[in-house]
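Side-chain atoms are counted along with the backbone in the values below, which use heavy atoms only and exclude waters and symmetry mates. Letters A, B, ... mirror the listed sequences (proteins, then strands); counts begin at 1.
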Number of protein chains: 2
Amino acid sequence: MDSGSEQPVPRKRADARRNERALLDAAAAAFVTSGVDVPVRDIAVRAGVGVGTIYRHFPTRADLIVAVYRHQIEACVEAGPALLADSDTPHAALAQWIDLFVDFLVTKHGLAAALQSDDAAFQTLHAYFIDRLVPVCDQLLDAAVAADQIRTDMDAYGLLRGVGNLCIGAGSDPRYDTRRLVELLVAGLRVR
Amino acid sequence: MDSGSEQPVPRKRADARRNERALLDAAAAAFVTSGVDVPVRDIAVRAGVGVGTIYRHFPTRADLIVAVYRHQIEACVEAGPALLADSDTPHAALAQWIDLFVDFLVTKHGLAAALQSDDAAFQTLHAYFIDRLVPVCDQLLDAAVAADQIRTDMDAYGLLRGVGNLCIGAGSDPRYDTRRLVELLVAGLRVR
DNA sequence: TCCGCAAGCGGAGCGTTGTTCCGTTAGCCA
DNA sequence: TGGCTAACGGAACAACGCTCCGCTTGCGGA
């Protein structure tokens, strides 16, 4: 964290900053209408730039996705400790936090699938989610374990991937109720 | 089911039958080494045929996948009633049957993901699985419900899709334990 | 204000894959 | 054996990810 009066990294050119902003807006809009798998060319057209400009600012699709959703993910990260402090029980906090995570995922068409993809282009995406969310989930799990509310043999990584997987295809079929399945999973976590 | 001495549909030409067999073998081998997303051309080369021949025999990738795995899926279908008859409790039968399903899915790289894909090319695949497996699962669920062993608010379709989803990415990361998560899901099903 | 340079841009173009289409080949039956 | 046509093969087209390089333009210095 530099507190100097001037940035050590030289400021980017005005058009570069303008394009980056335009790309983020265009990508966000494109993700809503066509999912995170929307063709790169479509995003470029929306933003009024060439495809080369996209790759210069965001080398992989994962970088673009992370940039678009960073704020929401961070909000989810910060909600963890807050829920733990406010909820009646650690298990309730865990359930509510997972609900938040599900809320986030099911509204981003194709994101849950991209998260589990073994495509190299999505490695950064996977890493970012793991890096930010696993510690929070770990904290919630630890608290619930300490309160003797859940089994001890489930780790945060596995749980988050499981929940993420259950969010794949949400909304594609009215008979597939993501939330009920997640609820089932969390219920299975309880000690009996 | 026609029991006449001759088929109403004229027998296919010898080369056509030979190629279909070669394609099934080639596809099975290609699926093992490269997953069910293996490029069509690769399968054609393995089978020693042109790509046109693939599309003539199997109009969509789903048709080819179904043809390759039909035997194993039918075995799973038939195992349902057998387990129900042999197991100690309906819930045990359900758990064992789901284990069989998981066994099948986790050994087919990419199949679980294809199953949930909303790609039109996989619609037939999805439909076939649903058509064959949902009734069996339904039977097992009904028996467990009748024995007061599980909750009544879960339908076979939702459960199977949930289990299928949990199988996505199996084996891609040693920290992701598909079987434990499925076990958790089935545990959450129990009445408490 | 003007100049020069390099940061940044755009999109043509290549490689990969799915899918179609049609000229050619070769089983099958009379 | 001859001819009809089922069946074949692969060229060709479309869609997409990604790279590369000639051109543009923002910006600091004179």
Parallel, tilted or perpendicular, as decided by the 30° and 60° cut-offs, for the rings of A/F31 and A/Y69 | tilted

Atom-pair distance (CD1 on A/I54; P on D/dT19), nearest Å = 13 Å

Which residue lies toward the 5' end of DNA chain C, B/A121 or B/K12, if each is placed at its nearest nucleotide?
-> B/A121

Return yes if the base of C/dA7 and the side-chain atoms of A/R13 contain a donor-acceptor N/O pair under 3.5 Å, otherwise no.
-> yes

Side-chain donor-acceptor contact under 3.5 Å, A/D138 with A/Y157 | no

Do B/F122 and B/S117 come within less than 4.5 Å of each other through their side chains, counting heavy atoms only?
-> yes

Answer yes or no: is there an ion pair linking A/R179 with A/D177, defined by an N-O contact shorter than 4.0 Å?
-> no

Expressed in angstrom and rounded to an integer, what is the separation of A/D63 atom CG from D/dC18 atom C1'?
-> 14 Å

Is there a donor-acceptor contact under 3.5 Å linking the side chains of B/T178 and A/R161?
-> no

Which atom of A/Q149 lies closest to which atom of A/T89, heavy atoms considered = NE2-CB, 3.4 Å

Think B/H57 has a side-chain N or O under 4.0 angstrom from the OP1 or OP2 of D/dC8?
-> yes

Starting at CD1 of B/I43 and ending at P of D/dG9, how long is that distance when rounded to a whole Å?
-> 15 Å

Return the nearest nucleotide to the side chain of A/A16; candidates are C/dC28, D/dC18, C/dG8.
-> C/dG8

Rounded to whole Å, CZ of A/R18 lies from P of C/dA7 at a distance of 18 Å

Atom CZ of A/F58 to atom P of D/dT19: distance rounded to whole Å?
-> 16 Å

Polar atom pairs (N or O), protein with nucleotides 10-18 of chain C, under 3.5 Å:
{"from": "C/dG10", "atom 1": "OP2", "to": "A/G50", "atom 2": "N", "distance (Å)": "3.1"}
{"from": "C/dG10", "atom 1": "OP2", "to": "A/T53", "atom 2": "OG1", "distance (Å)": "2.7"}
{"from": "C/dG10", "atom 1": "O6", "to": "A/R56", "atom 2": "NH2", "distance (Å)": "3.3"}
{"from": "C/dG11", "atom 1": "O6", "to": "A/G52", "atom 2": "N", "distance (Å)": "3.2"}
{"from": "C/dG13", "atom 1": "O6", "to": "A/R41", "atom 2": "NH2", "distance (Å)": "3.0"}
{"from": "C/dG18", "atom 1": "OP1", "to": "B/R61", "atom 2": "NH2", "distance (Å)": "2.5"}
{"from": "C/dG18", "atom 1": "OP2", "to": "B/V40", "atom 2": "N", "distance (Å)": "2.8"}
{"from": "C/dG18", "atom 1": "N7", "to": "B/R41", "atom 2": "NH1", "distance (Å)": "2.8"}
{"from": "C/dG18", "atom 1": "O6", "to": "B/R41", "atom 2": "NH2", "distance (Å)": "2.9"}

What is the distance, rounded to the nearest whole Å, between atom CZ of A/R11 and atom P of C/dG8?
-> 12 Å

Rounded to the nearest Å, what distance is computed from the CG atom of residue B/D15 to the P atom of nucleotide D/dA7?
-> 8 Å

Hey, what's the ring geometry for A/F129 with A/F101, parallel, tilted or perpendicular (30° and 60° as the breaks)?
-> tilted

